[in-house]
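Have a look at the structure below before the remarks.
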Amino acid sequence: MAERKTTQSLLLTLCGLMLLVIGAAGGWWFESRRTAEVVKKTILENPEILPQAMQELQKRENAKSLASVSDAVFTPFPGSVLGNPQGKVTLVEFTDFACTYCRSSVADVEALIKEHPDLKVVVRQMPILSPQSALAAQWGLAAAEQGRYGAFHHAMFAAGRPDPATIEAAARAAGLDLDRARKFLADPRVVKEIEGNLTFARSLGFEGTPSWVIGEQMFGGAVGKDVLAKAIAEARGA
């Protein structure tokens, strides 16, 4: 008899626990449904919060991506800089000499440099369009090694699509020591730099050129002078 009462007591206790669990689950389900309805109603009544939320989400994702490459992405290959080498504000441009959108962005970057004397533009060679753009990128680094990167950058983009003839013409226009440049093309630092830039691009989610990094913001494509100027102002005020 005592055993029967004990069994009944245990069954009642188990039933009670099950009812508590079911009740808690039901309460959670009801509360989650109610929360979802509140969120949905808030969004429908205030649709302007969606772009703000997307911007905040993008900012967080950018911060994660940039954290994966640390400060290295802002450190140029020696000499591969436009603007003020000691500038306090750094704009990173991933570029390809065969890219027409990069060519169209040259004037925007030059205008920004004139308007912002403290702007340092770190140019990262990202030759992805053709074997000839890879060769032009190597010559760009050879120009940087001779302290003539800016001159080569402008001459190469002005020459049109890169090929052996236009690359040599750009090198001559930039005043390079051609023999010294040809020897430098075999320097292991050249391959290491270009491979490193491609790794940076993958880490940051860049799939094409031009691509840009400034402060905690990242952009893909020929976004235009105004977008970059706004980002420069925000980076300066950060």
Side-chain angles (χ1 to χ4, degrees), residues 58 62 65 69 73-74 76-77 79-83 90-116 119-146 148-176 178 181 185 190-191 193-214 217-232:
Q58 187 62 59
N62 288 351
S65 297
V69 297
V73 73
F74 297 101
F77 183 86
S80 192
V81 173
L82 301 173
T90 301
L91 170 66
V92 180
E93 177 184 3
F94 287 79
T95 191
D96 185 325
F97 284 117
C99 170
T100 55
Y101 295 105
C102 298
R103 185 176 298 112
S104 69
S105 298
V106 171
D108 291 334
V109 173
E110 282 305 298
L112 291 169
I113 288 171
K114 289 179 180 178
E115 293 175 11
H116 303 277
L119 180 63
K120 173 183 179 180
V121 181
V122 171
V123 183
R124 310 214 77 97
Q125 302 299 326
M126 185 179 166
I128 56 176
L129 296 178
S130 73
Q132 299 300 334
S133 63
L135 180 60
Q138 294 168 15
W139 275 84
L141 297 177
E145 190 269 335
Q146 294 186 30
R148 304 293 300 165
Y149 179 76
F152 180 83
H153 180 92
H154 291 96
M156 190 67 250
F157 276 121
R161 292 190 66 84
D163 59 39
T166 57
I167 292 171
E168 182 171 339
R172 291 184 182 279
L176 296 191
L178 299 187
L185 297 182
V190 173
V191 172
E193 171 66 12
I194 293 175
E195 289 181 347
N197 291 342
L198 294 174
T199 299
F200 282 144
R202 286 191 293 270
S203 298
L204 297 173
F206 293 150
E207 297 180 351
T209 54
S211 293
W212 317 85
V213 180
I214 180 164
Q217 298 189 64
M218 301 189 297
F219 307 96
V223 295
K225 175 176 173 289
D226 291 343
V227 170
L228 295 175
K230 182 180 178 183
I232 289 169

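Quick note: numbers below take in every heavy atom, side chains included, and nothing from hydrogens, waters or symmetry partners. None of these values were measured; they are calculated from a predicted model.
The pair R172-E168 meets the salt-bridge criterion, since a charged nitrogen lies less than 4.0 angstrom from a carboxylate oxygen. Between E193 and R124 there is a salt bridge, since a side-chain N of the basic residue sits under 4.0 Å from a carboxylate O of the acidic one.
Listed here is the closest heavy atom pair of L129 and D96: N-OD2, 3.0 Å. Taking both residues in full, the closest heavy atoms of G150 and L82 are given as CA-CD2, 3.7 Å, listed atom of the first, atom of the second, then distance. Across all their heavy atoms, H154 and V106 have their closest contact at CD2-CG1, 3.8 Å. For S80 against A144, the heavy-atom pair with the smallest separation is N-CB, 3.7 Å. Minimum heavy-atom separation, D163 to Q132: CA-OE1, 3.7 Å. For the pair V190 and L141, the tightest heavy-atom approach, listed with the atom from each and the gap, is O-CD1, 3.8 Å.
If you look at F152 and F97, their ring centroids are closer than 6.0 Å.
Taking the six-membered ring for Trp and thresholds of 30 and 60 degrees, Y149 and H153 have ring planes inclined between 30 and 60 degrees apart.
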L204 and V213: CA distance, side-chain angles, deciding distance, side chain to side chain contact (heavy atoms under 4.5 Å, CB included) verdict | CA-CA 9 Å; L204 297 173; V213 180; 4.0 Å; yes

Under the side chain to side chain contact (heavy atoms under 4.5 Å, CB included) rule, what do V92 and F74 come out as? Steps first, then yes or no, please.
-> CA-CA 7 Å; V92 180; F74 297 101; 3.6 Å; yes

Could you give me the CA-CA distance, side-chain angles and deciding distance for F157 and T95, then say whether side chain to side chain contact (heavy atoms under 4.5 Å, CB included) is met?
-> CA-CA 11 Å; F157 276 121; T95 191; 3.4 Å; yes

List the steps and the verdict of side chain to side chain contact (heavy atoms under 4.5 Å, CB included) for E115 and K225.
-> CA-CA 11 Å; E115 293 175 11; K225 175 176 173 289; 3.0 Å; yes

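Put simply, the side chain of V223 reaches to within 4.5 Å of the side chain of L228, judged on heavy atoms. For the pair F200/F94, a side-chain contact is recorded, criterion being any heavy-atom separation below 4.5 Å from C-beta on. For the pair T209/Y101, no side-chain contact is recorded, criterion being any heavy-atom separation below 4.5 Å from C-beta on. In this structure, W212 and L91 have side chains that are in contact, with non-hydrogen atoms separated by less than 4.5 Å. In this structure, L119 and V121 have side chains that are in contact, with non-hydrogen atoms separated by less than 4.5 Å. With a 4.5 Å cut-off on side-chain heavy atoms, L178 and W139 count as touching. Between L135 and P162 there is no side-chain heavy-atom pair separated by less than 4.5 Å.
Rounded to the nearest 0.5 angstrom, E195 CD and L198 CG are separated by 7.5 Å. The line from NE2 of H116 to CD1 of I232 is 4.5 Å long, rounded to the nearest 0.5 Å. Interatomic distance, OG of S211 versus CD of E93, reported as 9.0 Å (0.5 Å rounding). Atom CD1 of I194 is separated from atom CD of Q138 by 5.0 Å, given to the nearest 0.5 angstrom.
Panel note: side chain R148, backbone A143; no donor-acceptor pair is recorded below 3.5 Å. Under the 3.5 Å distance criterion, the side-chain polar atoms of S105 are left unmatched by any main-chain donor or acceptor of D108.
Counted by atom type alone, T100 and R103 present zero donor-acceptor pairs between their side chains at under 3.5 Å.
Partners of F77 according to the ring pair (Phe, Tyr, Trp, His ring centres under 6.0 Å) rule, which considers only residues two or more places apart in sequence or in another chain, do not exist here.
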